[in-house]
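This structure is a prediction, so every number in the text was calculated from the model and none was measured. Naming convention: chains lettered A, B, ... in sequence-line order (proteins, then strands); numbering from 1 in each chain.
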Amino acid sequence: MNLVSENMQDALLVTTEDTRIDAAVAIRFKDQMRAITDDGPKRVVLDLQNVQFVDSSGLGAIVAAMKQVGSGRRLELAGLTSSVKKVFALTRMDSVFTIHGSVEDAFGHTTAKAS
Amino acid sequence: MLMHEEGPNTVIDLALKNDSLAVRTVLEDLNTQLGTLGFLEDTVQNVELVMAEVLNNVVEHAYPEGEEGDIEISAIPSGEGIQFLVQDKGVPMPNGTPPSGEQGSLDCELDDLPEGGFGWFLIRIMAQNLEYRRSDGYNRLSFFMAQEAA
């Protein structure tokens, strides 16, 4: 599991380099997210544009990552590919997360919101 | 991993061990084969998701951790979709029936959001004619995945 983090303005951008967040890596994803987001900016944007597939374990790990970030801060998502978007829509998790079309959208416009 | 016959009676047979990385490999094979048969991306994505959930359930629940087990998949594609049969020799499903897959409420505090239980929910809303049988020491789960319209 490869997560790369970068400080952006007042936010932390975390990019997933892996193409899958599935049962094989869900626990590692969750643990690495905990380490990366342990402290730092209130806003964390998780870039999922490289991720072609998320299963229920991966979805659970992303939800867990949002909980770890905590209620005083927030985890937002960006760059969902078609299959990943489908999983979020079917489970209605797209109503729980703020989802940006792309990283550019997440940082380019202050009015960016869930789509 | 062999196509026995070409044409309308093509059967895809795949086998794997109960391991989450083996699940990845077999999903990749299945994607390639369904793509070759002309199934559209939307259908292939649905199959990948449902099959991932079915296989991960076998890996996590049917076989005790650390014990090697076999999983067999057979798929019969048709113009309407694909009929699947997944078999394993693990422990039977509790109560002899697959979980109902009801999803927890999302109208709650952050800390109470569900982190699991999505698997059977996804299988049940995407797969049709889901049937589970326990016979001859095998768990046999069959279901149909409809071809999505272009």
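- By the 6.0 Å contact criterion, CD1 on B:Ile125 is enclosed, its count of non-hydrogen atoms from other residues, nucleotides or ligands being greater than 12.
- Looking at B:Asp107, neither its backbone nor its side chain comes within 4.5 Å of chain A, counting heavy atoms on both sides.
- For the pair B:Glu53 (side chain) and A:Ser56 (backbone), a donor-acceptor distance under 3.5 Å is present.
- Within a 6.0 Å radius of CD in A:Glu17, other residues, nucleotides and ligands contribute more than 12 heavy atoms.
- Of the two parts of A:Ser82, the backbone and the side chain both hold a non-hydrogen atom closer than 4.5 Å to a non-hydrogen atom of chain B.
- Linking Ile, Leu, Val, Met, Phe, Trp and Tyr residues whenever their side-chain heavy atoms come within less than 4.5 Å places A:Phe53 and A:Leu3 in a single cluster.
- Taking both residues in full, the closest heavy atoms of A:Val63 and B:Leu113 are given as CG1-CB, 4.0 Å, listed atom of the first, atom of the second, then distance.
- Counting all heavy atoms, side chain and backbone alike, B:Leu110 lies closest to A:Gly70 at CD2-C, 3.8 Å.
- Under a 4.0 Å N-O distance rule, the pair B:Glu109/A:Lys67 does not qualify as a salt bridge.
- The hydrophobic cluster containing B:Leu16 does not contain B:Leu85, counting ILVMFWY residues as joined when their side-chain heavy atoms lie under 4.5 angstrom apart, directly or transitively.
- For the atom pair A:Lys30 NZ and B:Glu115 CD, the distance stands at 5.0 Å (nearest 0.5 Å).
- Within a 6.0 Å sphere centred on NZ of B:Lys17, heavy atoms belonging to other residues, nucleotides or ligands number more than 12.
- Surrounding CD of B:Glu41 are at most 12 heavy atoms belonging to other residues, nucleotides or ligands under 6.0 Å away.
- The shortest heavy-atom contact between B:Phe118 and A:Thr91 is CD2-CG2, 4.1 Å.
- Rounding to the nearest 0.5 angstrom, the gap separating the CG atom in A:Asp94 from the CG atom in B:Leu106 is 9.5 Å.
- Follow the hydrophobic side-chain contacts under 4.5 Å out from B:Phe144 and you never reach B:Met126; the two are in separate clusters.
- When heavy atoms are compared at a cutoff of 4.5 Å, B:Asp42 approaches chain A by way of both its backbone and its side chain.
- At a threshold of 4.0 Å, the pair A:Lys86-B:Glu48 does not count as salt-bridged, since none of the basic side-chain nitrogens sits closer than that to a carboxylate oxygen.
- Cluster annotation: A:Met33 is connected to A:Phe97 through the hydrophobic network of ILVMFWY side chains, with a link wherever side-chain heavy atoms come within less than 4.5 Å.
- Between A:Ala24 and B:Arg24 the shortest heavy-atom distance is CB-NE, 4.0 Å.
- Here the shortest heavy-atom pairing between B:Leu49 and A:Asp55 reads CD1-CA, 4.2 Å.
- Heavy atoms only, all atoms of each residue included: B:Pro114 and A:Met93 are closest at O-CE, 3.9 Å.
- Remark: B:Glu148 CD is packed, more than 12 non-hydrogen atoms of other residues, nucleotides or ligands lying under 6.0 Å away.
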